[in-house]
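Report on the structure given below.
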Amino acid sequence: MSKKLRRDNSMIRQTRMWSPLFMGPVVAAFIIGFVWPFVQGIYLSFCKFKTISKAEFIGFGNYVKAFQDASFTHAFWYTALFAVTSLVFINVLAFAVAYALTQGIKGSNLYRTVFFMPNLIGGIVLGYIWSMIFDGVLSRYGTSILLESKYGFWGLIILMCWQQIGYMMIIYIAGLQAVPEDMLEAAKIDGATKWQTLFKVTIPNVMPSITICMFLSLTNGFKLFDQNLALTAGQPYIIQPDGSTINTTEMLALNIYNTFYGSNAAARGTAQAKAVIFFILVAAIGLIQLNYTRKREVQQ
Amino acid sequence: MKKILAIILAMTMVMALVACGGNNSSDSASAPAESTDTGAAPAEESGSAASGSVYWLNFKPELDETAQKLAGMYTEKTGVPVKVVTAASGTYQQTLTAEIDKSNPPTLFVIGNSAGVKDWGEYAMDLTGTAIANELNTDAYNLYDEDGRLVSIGYCYECYGIIVNPDLIEKAGHSMDELKNFEGLKAVAEDIHARAAELGFDAFSASDMDDSSSWRFTGHMANLEYVYEEREAGAVWTECPATITGNYMDNYKNLFDLCINNSTVEPSTLATGGHDAENEFKTGKAAFFVNGSWEYAAVSGDVPNATMIPYYCGVAGEEKAGLNCGTENCWAVNADVSAEDQQATIDFMVWLVSDPEAAELMVEQLGILPYKNAPASTNGFLNDAARYTADGCYVMDWATNYQPNVDTYRAGLVAALNQYCADQSDANWDAVKTAFVDGWAAQYKAANG
């Protein structure tokens, strides 16, 4: 017994020796592609800069400007509304589709593939395709998705549902297939109705999938950029009496982008500060949501 | 079954990795290097050539093909490596921001207006007294910074106005002589539009408001308002004014209304765009096309008699108006690259505007080059501009180049015009006015605050 343990230990030690070789490339890529730009980004949010090599430290000025910017506040609330709405729609529909496709319908594999496919198309392309579809319909009524905020909002919801439902569906299918047969059988024998089985047995058992899907759709909703840019680019605007604009369908990421490139180069620090605030926000909301739904998971 | 699945999955993974690798290598090759012309055998040929190299960041997609060709010709001739990168349409600022910070930044780039000078002037060397500055035949298109340094010099100039197909005007029973002021233009356009079904063509081609076309109205046509403000004040702007009066908004409205309401398409469909205005004009479906001299090469093949008239908009004395002439095509040389690279870049610029073969290609693509040794232009629209000037008409300068925070300012204007096109109410026009006049002040504050 102790001999075996020792041999195991030495094997573990030997494997450990090699770990830098296997971990190295990933860690290096992570540092180059994420950690370093992230640290630099935080530093730049305290600077005045045009190009990153000529940055001048100015302290918290950028953050003050970011919080004073009315368009940023508008973009935040709009994004929050969008994220919550899309979270509900995507998850309810994805779960319904997954549930239907685990009932042993003929050709369910084909359906799964087809439902998943929209997820393989890039966001910019989707945005332009859907803007054509929406305008094709709306132009019959003499209007356009660029003319009414509510069209822009629901258009984006439809687009995101179309793109994301398939992806979430796959996760839910995996969860549904892992629900123990004997539990379902026991429920049946005890005389539970279909609805009771769904809510009392199935859903509690797929809580891990629900957690991950909600996390993904919530953070996706907050981080949305390509689709927003391609579908409406923030239009329509409300022209304020002082000549400034409120871009009614502009979400946070697009607001940051527009601040960075749309205004003069002096505003880049402000955009960077917004980006840091944005990160903290998305991370915090994501973690709170994870924590909340985790508590509802059952241990099997 | 499981085994097969495992094998398929493993293969997919390998494929994905290979694909990624493949992508990466081709990406890195295609980003800047695709357009690189490093010269196959510089060593032998370049015995006399300078040791520098040239990297030209071009902002005009139409020029890309010619620029690549010229780069190849120059390298072949002198052995100096010339790399040309063209920023995709509308992304010049983004590309410049990224490229200028690299270890091999562009040596030659574009600073096209006063806002550009403010943002990028410090990256440009003073061109006063350089060989290329001495080649110029006019100072009119040069840009100076606050300290009087010559940061960028015009390499061509352009004009814009309303392109007309005289054959269609005559076919409709009118004559070009009627197009001498707004009343004449309005009468002809409205008549053609009213009889469009019978004539088989309409007055104006589509005035789309999408990104590929809206600049014709928010950038160019807006210029008439600024120019008449300048004329009212009695002096041209030399820097961006903090506010504008909007006194000539009604004239802008006159012409804009005429364009959208006497057109091949319904005004309510303009927001999304997707019509092909150039094609409508080329194929004889429309008699008028709001655009500029760079379109000459594209339309003169199909409409050889195409000519350009000024923005007639109902201002008193506009019979004496000329075309809108100016440029955003101004070269700056990077101040932060080595002296050899700067010298090589200036040599290349001089070659572009003075070598008979190279300058010929440049003129063909760009119109008039304001340089002593450049060949004359073959561009009909620019010749129209010269004719108006010769007839004693006033040139409408490009005051539009002063638009503060230009992209944001124009985006606001597009949004307001979209609402107006869908419903031409007074309230919606008031919003256009606000975006036009107060938007200017707001963006000026944002840019300078």
Side-chain angles (χ1 to χ4, degrees), chain A residues 29 49-55 65 68-69 71 128 131-149 151 229-250 254 257-268 270-271, chain B residues 91 93-94 96-102 105 115 118-120 122-123 209-211 243 266-274 336 404-416 418-419 421-423 428 430-449:
Chain A
F49 68 99
K50 254 174 246 171
T51 55
I52 52 177
S53 57
K54 286 190 183 171
K65 272 193 196 155
Q68 281 170 347
D69 184 351
S71 73
Y128 284 119
S131 86
M132 278 190 258
I133 296 176
F134 289 134
D135 276 330
V137 176
L138 291 173
S139 65
R140 291 176 158 266
Y141 303 94
T143 181
S144 154
I145 191 157
L146 300 175
L147 294 176
E148 291 251 12
S149 319
Y151 297 154
L229 178 72
L231 193 69
T232 60
Q235 290 222 47
Y237 294 1
I238 297 171
I239 314 285
Q240 302 285 92
D242 69 346
S244 63
T245 59
I246 289 176
N247 308 357
T248 54
T249 62
E250 182 183 68
L254 185 61
Y257 175 85
N258 281 341
T259 312
F260 198 92
Y261 286 115
S263 337
N264 68 325
R268 290 192 175 164
T270 315
Chain B
T91 64
Q93 282 302 323
Q94 284 88 322
L96 180 61
T97 306
E99 291 292 309
I100 201 128
D101 220 16
K102 292 187 175 165
K118 210 168 225 161
D119 280 351
W120 299 107
E122 60 183 286
Y123 293 84
M209 282 294 147
D210 62 321
D211 286 350
T243 56
E266 283 299 310
S268 62
T269 64
L270 295 173
T272 332
D336 297 333
N405 274 352
V406 45
D407 296 336
T408 316
Y409 175 71
R410 288 186 187 179
L413 201 47
V414 167
N418 277 343
Q419 299 289 348
C421 288
D423 171 19
N428 281 341
D430 284 343
V432 173
K433 264 194 219 167
T434 310
F436 199 102
V437 179
D438 301 301
W440 182 294
Q443 291 309 326
Y444 179 86
K445 228 188 272 164
N448 297 284

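Only heavy atoms go into these numbers, but all of them, side chains included; no hydrogens, no water, no symmetry mates. Chain naming here is simple, since letters A, B, ... match the order of the sequence lines and numbering starts at 1 in each.
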* Heavy-atom distances under 4.5 Å only: say whether Tyr409(B) touches chain A with side chain, backbone, both or neither. => neither
* Asked: Rounded to the nearest 0.5 Å, how far apart are CD1 of Ile238(A) and OG1 of Thr434(B)?
  -> 13.0 Å
* How far does CD of Gln240(A) sit from CG of Asp438(B), to the nearest 0.5 angstrom? -> 11.0 Å
* Asked: Contact part of Phe134(A) toward chain B, heavy-atom cut-off under 4.5 Å: side chain, backbone, both or neither?
  -> neither
* For Asp135(A), is it the side chain, the backbone, both, or neither that has a heavy atom closer than 4.5 Å to a heavy atom of chain B? -> side chain
* Structure fact -> Nearest heavy-atom contact between Leu146(A) and Ala271(B) is CD1-O, 3.5 Å
* Structure fact -> Note: Lys118(B) and Lys50(A) closest approach over all heavy atoms is O-NZ, 3.6 Å
* Asked: chain B: which of Ala233(A), Gly234(A), Pro241(A), Ser244(A) shares the most heavy-atom pairs with it under 4.5 Å?
  -> Pro241(A)
* Asked: Which pair of non-hydrogen atoms, one from Leu147(A) and one from Gln419(B), has the smallest distance, and what is that distance?
  -> O-NE2, 3.1 Å
* To do: List the steps and the verdict of salt bridge (charged side-chain N to carboxylate O under 4.0 Å, His left out) for Lys54(A) and Asp336(B).
  => CA-CA 12 Å; Lys54(A) 286 190 183 171; Asp336(B) 297 333; 3.3 Å; yes
* Asked: Gly412(B), Pro267(B), Cys421(B), Ala98(B): which one forms the most heavy-atom pairs within less than 4.5 Å of chain A?
  -> Gly412(B)
* Taking every non-hydrogen atom, the tightest pair across Thr97(B) and Thr51(A) -> O-CG2, 4.0 Å
* Asked: Under a 4.5 Å cut-off applied to non-hydrogen side-chain atoms, are Tyr261(A) and Thr91(B) in contact?
  -> no
* **Among Ala431(B), Ala441(B), Pro404(B), Ala411(B), residue most engaged with chain A (heavy-atom pairs, under 4.5 Å)** => Ala411(B)
* Asked: Hey, which of Glu266(B), Glu122(B), Lys433(B) has the most heavy atom pairs under 4.5 Å with chain A?
  -> Glu122(B)
* Closest non-hydrogen atom pair, Ala416(B) against Ile239(A) -> CB-CD1, 4.0 Å
* Does CG in Asp211(B) sit with more than 12 non-hydrogen atoms of other residues, nucleotides or ligands closer than 6.0 Å? -> no
